[in-house]
Amino acid sequence: MQQGKSASPSATESATFKAAAERDSVVILDYGSQYSQLIARRVREANVYSELLPHDVDWDRIEPINPKGIILSGSPSSVYEAGAPSLPSWVLESGLPVLGICYGMQLLTHHLGGDVGAAEEREYGPATIKVLKNESIFSGLPEQIDVWMSHGDRIETLPPGFETLAISDNAPFAAMRRDTIVGIQFHPEVSHTPLGTAIIRSFLYEVCGCSGNWTPESFIESTIEQIRAEVGPERVLLALSGGVDSSVAAALIHQAIGEQLTPVFVNTGLLREGEAELVRSTFEQSFGMNLVYVDATERFLERLSGVMDPEEKRKAIGAEFIRVFEHAAREHGPFKYLAQGTLYPDVIESATRGSGSAQKIKTHHNVGGLPDDLQFELLEPLRFLFKDEVREIGKRLGVPDDIVQRQPFPGPGLAVRILGAVNDEDLALLRRADAIVRQEIEGAGLHQAIWQFFAVLLPVFTTGVMGDGRTYAKVIAIRAITSEDAMTADWARLPDELLSRMSNRIVNEIDGINRVVYDVTSKPPATIEWE
């Protein structure tokens, strides 16, 4: 996984590659599809370890993973266009099973002597395929399968030696196979293909011969061993935010090295209402850790003074975090390692994958905001996990439910939920509005069904009327989304009565807010956070 100059590969990252040789693994080559991360998730759900890598990655990067199969993702490109992403020579030379999805199927066809052309009718949306051979990836499945198509090209002629596994009204070759090389024109990774999980599992188990040994227990056991081996007698400084990610990282590292770990909780002044008090009590009492508490509110607000651009906010906050930890290290150290709760989506979104096949969406403060002169070696034991995997690991480690089930909260905190410059007055408005949103959704019993919900303070004033007087005040936007892994999301259909209660409370209880709006935008095209 490429990360950029600002953060060198961590000790844990290199150890992960070594451990991968001891478990079933599949590599997914990313050709720029919006669904690439979902493929990785579906493979993980089948208890097989997966890594999402750029399509032009070298075999030297693949070999240590020791994969049992390769999956080629979709792409917005056409294989016959000049400069279209190509197929690395090692894919076919390795002799490994291959599953080509959409563009991946077309790529295999193009390289193996078949023909790919523009379809007379493009397929974007639901379709039904007819299975001609109930074997390989379709073993045990019905003859008619509902699928999700998203392509403008199609296979015109199969490569030599391939047979047709399935067809559709608009695709004469909806699926093909030659030995352990399989191509499918549809997307099994999305929820709109109801039997997609079964198809992926068939590829993993029937074609690749995987046994499904990627489990929370195996991850905990191998990672604890890796941490002990990498850290040795050295001490670790942990960046603790109190969220799910850093909390589970703390529990995992603490189980591995005990008192060699010193967690540092920094109050940036950008936290939610009551959050600083909750984190301190939880980790000092429930975990029994020697927690170092640093109130750096003034430092962060000074650093953010006048900063408008969201990318600059994230970088400024990330850099200031490191400086705070360096100060803590001098006072409580020495420390060799800095531990973070970085997750796989953080890395994916912060990196430019492949050779221009996908664009960087935004910088995460704990990935792209690290300074060049970092004084620590990074320890990121959750670096290749998705959020739901982290929650499961936390449960197995005994992390309290009120921490494990907390909704995601961005590292830069409320700074990226205030559009524009950050100041004390706006933080107070947003903090109170956010608390009302959380109280009402939790009170309605919907907090487990909604992935994330929060308030955003907009940089505009609107005219209102309260009593007999005119008001000119700011606007709060409420954001509530449903998601599986935060890579894609849909806006939550909250009950009208709930929206009404939140709006009434916000405008009546908060002096300075006279209008509330509800965000009904999915991801894509929007991101979850407004900045």
Side-chain angles (χ1 to χ4, degrees), residues 241 243 268-273 275 297 300-321 346 349-350 359-366 368-369 407-438 441 450-464 471-481 483 486 489-492 494 499 502-503 505-507 509-531:
S241 70
T268 63
L270 307 171
L271 302 176
R272 292 171 288 193
E273 189 175 277
E275 195 157 30
T297 299
F300 279 89
L301 290 182
E302 181 179 352
R303 184 69 180 265
L304 290 170
S305 179
V307 178
M308 304 285 289
D309 182 79
E311 277 291 280
E312 292 304 315
K313 284 184 187 179
R314 292 176 180 273
K315 292 178 180 179
I317 291 169
E320 194 64 25
F321 256 103
D346 298 339
E349 286 200 340
S350 292
Q359 295 182 336
K360 181 175 75 174
I361 298 170
K362 60 186 176 184
T363 298
H364 287 262
H365 81 285
N366 58 342
Q407 63 170 288
F409 186 61
L414 298 181
V416 292
R417 293 178 180 174
I418 293 177
L419 306 194
V422 179
N423 56 63
D424 283 324
E425 180 181 353
D426 285 347
L427 277 169
L429 293 176
L430 177 59
R431 191 174 284 118
R432 188 71 203 107
D434 182 78
I436 291 172
V437 170
R438 288 188 289 129
I441 291 180
I450 303 173
W451 176 273
Q452 205 165 347
F453 45 90
F454 53 88
V456 179
L457 183 63
L458 306 187
V460 295
F461 286 80
T462 68
T463 300
T471 63
Y472 194 57
K474 291 194 172 182
V475 180
I476 283 289
I478 297 174
R479 178 77 156 145
I481 59 98
S483 179
D490 193 14
W491 59 278
L494 298 181
L499 289 170
M502 289 191 290
S503 176
R505 284 193 61 190
I506 289 171
V507 298
E509 297 179 22
I510 306 176
D511 186 18
I513 303 294
N514 71 355
R515 191 178 298 271
V516 177
V517 298
Y518 187 54
D519 185 348
V520 293
T521 318
S522 299
K523 174 187 180 182
T527 54
I528 294 175
E529 299 290 341
W530 279 45
E531 286 195 341

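Just so it is clear, the values below take in all heavy atoms, side chains as well, and ignore hydrogens, waters and symmetry mates.
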Looking at side-chain heavy atoms only, is the closest gap between [X] and [Y] below 4.5 Å?
| X | Y | value |
| --- | --- | --- |
| Leu301 | Leu270 | yes |
| Thr521 | Trp530 | no |
| Gln452 | Glu529 | yes |
| Gln407 | Trp451 | no |
| Leu414 | Phe409 | yes |
| Glu531 | Val456 | no |

If you round to the nearest 0.5 Å, how far is [atom2] of [Y] from [atom1] of [X]?
| X | Y | atom1 | atom2 | value |
| --- | --- | --- | --- | --- |
| Glu312 | Arg303 | CD | CZ | 10.0 Å |
| Thr268 | Glu320 | OG1 | CD | 10.5 Å |
| Arg272 | Leu430 | CZ | CG | 11.0 Å |
| Ile441 | Ile478 | CD1 | CD1 | 7.5 Å |

**OP:** Would you please name every residue forming a salt bridge (charged side-chain N to carboxylate O under 4.0 Å, His left out) with Asp519, sequence neighbours left out?
**Re:**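 Asp519 satisfies salt bridge (charged side-chain N to carboxylate O under 4.0 Å, His left out) with Arg479 only.
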Original post:
Do the ring planes of Phe300 and Phe321 sit parallel (below 30°), tilted (30 to 60°) or perpendicular (above 60°)?
Top reply: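 Plane angle over 60°, so perpendicular.
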Subject >> Candidate list Asp426, Asn514, Thr462, test side-chain hydrogen bond (donor to acceptor under 3.5 Å, both in side chains), partner Lys474, passing option >> reply: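 So, applying the side-chain hydrogen bond (donor to acceptor under 3.5 Å, both in side chains) to Lys474 and each of Asp426, Asn514, Thr462, only Asp426 qualifies.
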Nearest heavy-atom neighbours spanning [X] and [Y]:
| X | Y | answer |
| --- | --- | --- |
| Lys313 | Ala415 | NZ-O, 2.9 Å |
| Gly512 | Ala473 | O-CB, 3.3 Å |
| Glu509 | Ile436 | OE1-CD1, 3.6 Å |
| Arg417 | Pro410 | NH2-CD, 3.1 Å |
| Ile450 | Ile481 | CG2-O, 3.2 Å |
| Tyr518 | Ala492 | OH-O, 2.5 Å |

Subject >> Heavy-atom neighbours of Asp511 CG exceed 12 at 6.0 Å >> reply: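 Count not over threshold, so no.
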Subject >> Ile476 and its side chain to side chain contact (heavy atoms under 4.5 Å, CB included) partner, picked from Leu429, Val507, Val437, Ile513 >> reply: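 Exactly one candidate clears the test, Ile513.
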Original post:
Do Arg515 side-chain atoms and Phe461 backbone N/O form a donor-acceptor pair below 3.5 Å?
Top reply: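 Pair absent, no side-chain N/O of Arg515 close to backbone of Phe461.
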